[in-house]
Participant: 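Before I ask anything, here is the structure I am working with.
A quick note: this is a predicted structure, and the numbers were derived from the prediction, not measured. If you read the sequence from its start, that first residue is 1, and numbering goes on from there.
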Amino acid sequence: ELFWALEARAAASAAAAAPSGSPPSPRGVQPWAWTRVALEELLRGLGPDAELGLLRQRTWVRRLERGEVDAARVEPGWGEPRAFPVAVWPSERRCLGLEGRPREASSKCAPVMLRCRCRDGNDGGASSSSAGLSTAGLLLKRDAGMPQEQQVGQTLRLLERLIWEDAGLRNLLEQEKLRPEDVRATYAIAMTGPATAIVEAVEGACTLRDARAGARGQAGTAERGTLHDFIARHNGSSELARALSRLPAPAPAFPGLS
């Protein structure tokens with residue numbers, strides 16, 4: 001994420017200085033030059049593979065931001081030979097390019113929803129076979145309020161991390177055979193420019209607008225039911241028993257659960 005933070009800061013500084021029409025600084029030194037220097041210093045301190053992965057990630061994201069969708073697809077330009085990390089994904093996961101067509105979410109800032117082919121680092125030798133491959137989601141957002149959204153998101157992620165550092169809570173998770181990642185309630189955001197960002201996609205999530213539209217389409221009024229019914233609708237058969245075991249008592253009926 002530090003790589004993208006420096007990229008975004010450099011882009012924001014350059015954009016702010018461009019409209020002023022002020023002449024270049026003496027000896028060609030620009031006020032925002034330190035961000036580019038810091039970025040190159042960061043890359044120099046990495047190993048060749050890590051540096052190459054970050055540069056590939058930047059190229060791929062810029063293609064998408066410019067709308068060059070075909071140039072970001074798995075084939076013919078990317079795939080396993082050019083696998084790269086994504087800042088908002090787990091560190092062991094590698095992206096192999098865009099799969100399918102991007103689609104625009106029906107929300108206020110209308111982020112572009114992307115589906116990417118990927119593999120996890122623990123797949124080892126499966127990289128040459130489709131057996132170790134899967135897909136994961138990613139959002140591309142453009143909004144003037146993205147810096148504030150990222151700040152809020154980072155604060156929540158920090159608080160969540162502090163919570164799960166508590167020994168008692170970690171013991172509770174171990175007793176339930178869970179990891180902090182299994183109960184994570186936050187998502188990652190990486191700024192790629194002054195008002196652009198890539199956002200970790202939460203599987204199965206939908207916008208509030210879609211949720212409201214779905215509820216109206218199903219019933220015309222808010223649904224009524226027990227908490228048991230609500231949990232059953234939002235958990236698969238393998239997770240339902242575990243979710244129900246956490247209920248302290250029989251659940252009363254609650255209106256509006258949908």
Side-chain angles (χ1 to χ4, degrees), residues 1-19 30 32 35-36 39-40 42-43 51-90 93-119 133-153 187-210 213:
E1 291 184 40
L2 178 58
F3 172 82
W4 279 117
L6 292 171
E7 273 277 314
R9 181 63 181 270
S13 300
Q30 300 297 332
W32 62 88
T35 56
R36 292 299 182 188
L39 183 60
E40 299 303 330
L42 171 66
L43 293 173
E51 179 185 6
L52 183 59
L54 287 177
L55 295 178
R56 285 174 176 171
Q57 179 185 171
R58 177 171 63 184
T59 299
W60 185 78
V61 169
R62 297 304 184 209
R63 297 287 190 204
L64 291 170
E65 289 179 340
R66 291 193 292 264
E68 301 170 0
V69 174
D70 290 338
R73 295 189 181 283
V74 177
E75 298 295 344
W78 295 89
E80 185 61 43
R82 299 186 70 195
F84 57 92
V86 176
V88 297
W89 281 357
R93 183 180 296 168
R94 292 294 179 269
C95 180
L96 278 62
L98 181 66
E99 192 167 85
R101 299 293 304 179
R103 60 190 183 92
E104 194 172 275
S106 57
S107 61
K108 182 179 180 181
C109 63
V112 177
M113 305 173 68
L114 310 170
R115 201 71 194 170
C116 308
R117 190 179 302 176
C118 64
R119 64 169 169 80
L133 303 181
S134 60
T135 62
L138 193 67
L139 301 182
L140 184 65
K141 296 186 70 173
R142 297 177 184 271
D143 189 87
M146 282 309 303
Q148 291 74 27
E149 182 176 339
Q150 186 200 35
Q151 291 172 1
V152 172
Y187 54 89
I189 301 174
M191 298 296 300
T192 61
T196 58
I198 51 176
V199 183
E200 178 185 12
V202 179
E203 300 297 333
C206 65
T207 65
L208 182 58
R209 182 176 298 173
D210 287 342

Participant: Residues in side chain to side chain contact (heavy atoms under 4.5 Å, CB included) with Val152, at least two apart?
Facilitator: Leu156
Participant: Looking only at heavy atoms, what is the nearest atom pair of Val74 and Arg117, with distance?
Facilitator: CG1-NH1, 3.5 Å
Participant: What's the separation between atom OG1 in Thr35 and atom CD in Glu40, rounded to the nearest 0.5 Å?
Facilitator: 10.0 Å
Participant: Between Pro147 and Asp143, which heavy-atom pair has the shortest distance, and what is it?
Facilitator: CD-O, 4.5 Å
Participant: Work out which heavy atom in Leu64 is nearest to a heavy atom in Ala72; give both atom names and the distance.
Facilitator: CD2-CB, 3.7 Å
Participant: Enter the distance from Thr135:OG1 to Leu98:CG here, rounded to the nearest 0.5 Å.
Facilitator: 11.5 Å
Participant: Identify all side-chain donor-acceptor contacts of residues 81-89 below 3.5 Å with residues at least two apart in sequence or on another chain.
Facilitator:
| from | atom 1 | to | atom 2 | distance (Å) |
| --- | --- | --- | --- | --- |
| Arg82 | NH1 | Gly77 | O | 3.1 |
| Trp89 | NE1 | Gly137 | O | 3.2 |

Participant: For Arg56, which residues count as a salt bridge (charged side-chain N to carboxylate O under 4.0 Å, His left out) partner, sequence neighbours excluded?
Facilitator: none
Participant: I'd like to check Pro111 versus Val199 (side-chain heavy atoms, cut-off strictly below 4.5 Å). Are they in contact?
Facilitator: no
Participant: Once you round to the nearest 0.5 Å, how far does SG of Cys118 lie from CZ of Arg94?
Facilitator: 11.0 Å
Participant: When rounded to the nearest 0.5 angstrom, what is the spacing between CD1 in Ile198 and CE in Met146?
Facilitator: 10.5 Å
Participant: With sequence neighbours excluded, what pairs up with Arg93 under the salt bridge (charged side-chain N to carboxylate O under 4.0 Å, His left out) test?
Facilitator: Asp120
Participant: Which heavy atom of Met191 sits nearest a heavy atom of Ala8, and at what distance?
Facilitator: O-CB, 3.7 Å
Participant: To the nearest 0.5 Å, tell me how far Leu140 CG sits from Met113 CE.
Facilitator: 12.5 Å
Participant: Checking Glu7 now: which residues fulfil side chain to side chain contact (heavy atoms under 4.5 Å, CB included) with it, not counting sequence neighbours?
Facilitator: Phe3, Trp4, Arg36, Leu39, Arg58, Arg62
Participant: Taking C-beta and beyond as the side chain, do Glu99 and Glu75 meet within less than 4.5 Å on heavy atoms?
Facilitator: no
Participant: Counting distance only, does the side-chain N/O of Arg142 pair as donor-acceptor with the main-chain N or O of Ala197 below 3.5 Å?
Facilitator: no
Participant: Looking only at non-hydrogen atoms, find the nearest pair between Gln150 and Ile189 and report the distance.
Facilitator: NE2-O, 3.4 Å
Participant: Please report the closest heavy-atom contact between Trp60 and Gly97, naming both atoms and the distance.
Facilitator: NE1-CA, 3.8 Å
Participant: Which residue pairs pass the salt bridge (Lys or Arg N to Asp or Glu O under 4.0 Å) test with at least one member in residues 191-200, sequence neighbours excluded?
Facilitator: Arg184-Glu200
